[in-house]
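Input: a single structure, listed below in structure tokens.
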Amino acid sequence: MKAEQKILPDSDRLIEAAAEHFVVTARSAIAKRGVFYVALAGGSTPKGLYQKLATSPYIEQIDWARVQIFFGDERCVPATHDDSNFKMARLAMLDHLPIPTENVHRMPTESGDAAEVATRYANTIKMVMEDNPFDLVLLGLGPDGHIASLFPETPALDVTDTLTTSLFVEKFQSWRVTLTYPVINSARQVIVFIAGEAKADIVRDITSEAVSGLPVQRLAPTGDYYWFMDQAAAA
Ligand SMILES: O=C(O)[C@H](O)[C@@H](O)[C@H](O)[C@H](O)COP(=O)(O)O
């Protein structure tokens, strides 16, 4: 399925539009089902969104006690490490929200054993969400076309029998844990954030017919699917 592209003039406008969209999506899920299940992303564009959501008028518009927060991927480092996606989200947003601690589900990375983290996190997702899909999965886009920690030419791309998987990323010489395609694709909504001129090349590649098989191109969401882009990336 092709993504609906929302192109905003600059990154500030992109973040505002994304924050408004996030509020509408969360409120709608809570009104319909009493809960909003969201998977957060790492990266600088999502970070801008989290900071915005923690401020007025956005913060007051969501009943945070009904929000269940997960992570789409994580670096296999302690939660206090500067590389931790959880730490980034905590400082940007979670510490400032009226959200019960038990509603925030970070990956339990402290053992340092990525395979074990992946198994435990899949169990957490099943326990908390039962058989429900994510209402929203937020994703950044790497310059190599990766989304979450689904990197090009890694075995993680082909994992379909579990909700999460671990992988070693050669270029960063580090272990990651990521949601797999089936769980991302089954979300009610998937958003990919693409900002900055450094992304213009990968945007050209993924929208051209000459390049195929990149992780973002392998996304096939069954629900709503958006790319939130700024003009610099879309150029
Ligand atoms: O280490 C990673 O896997 C990246 O940091 C990733 O998490 C990020 O989402 C994209 O690279 C986009 O990042 P920006 O939003 O900063 O462009």
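In listed order, ligands and their atoms are each counted from 1.
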Check: F71 main-chain N/O paired with Y121 side-chain donor or acceptor under 3.5 Å | yes

Classify the angle between the aromatic ring planes of F70 and H105 as parallel (below 30°), tilted (30 to 60°) or perpendicular (above 60°).
-> parallel

Output for ligand 1, non-hydrogen cut-off under 4.0 Å, lists G42, G43, S44, T45, P46, R75, G140, L141, G142, H146, F151, R176, K199

Between the main-chain N or O of L163 and the side-chain N or O of T180, is there a donor-acceptor pair closer than 3.5 Å?
-> yes

Residues that, via side-chain heavy atoms closer than 4.5 angstrom, fall in one hydrophobic cluster with L167 | F151, V169, F172

Please round to the nearest 0.5 Å and tell me the distance separating atom CD1 of I30 and atom OG1 of T25.
-> 10.5 Å

Kindly say whether L150 contributes a backbone atom to a donor-acceptor pair with the side chain of D73 at under 3.5 angstrom?
-> no

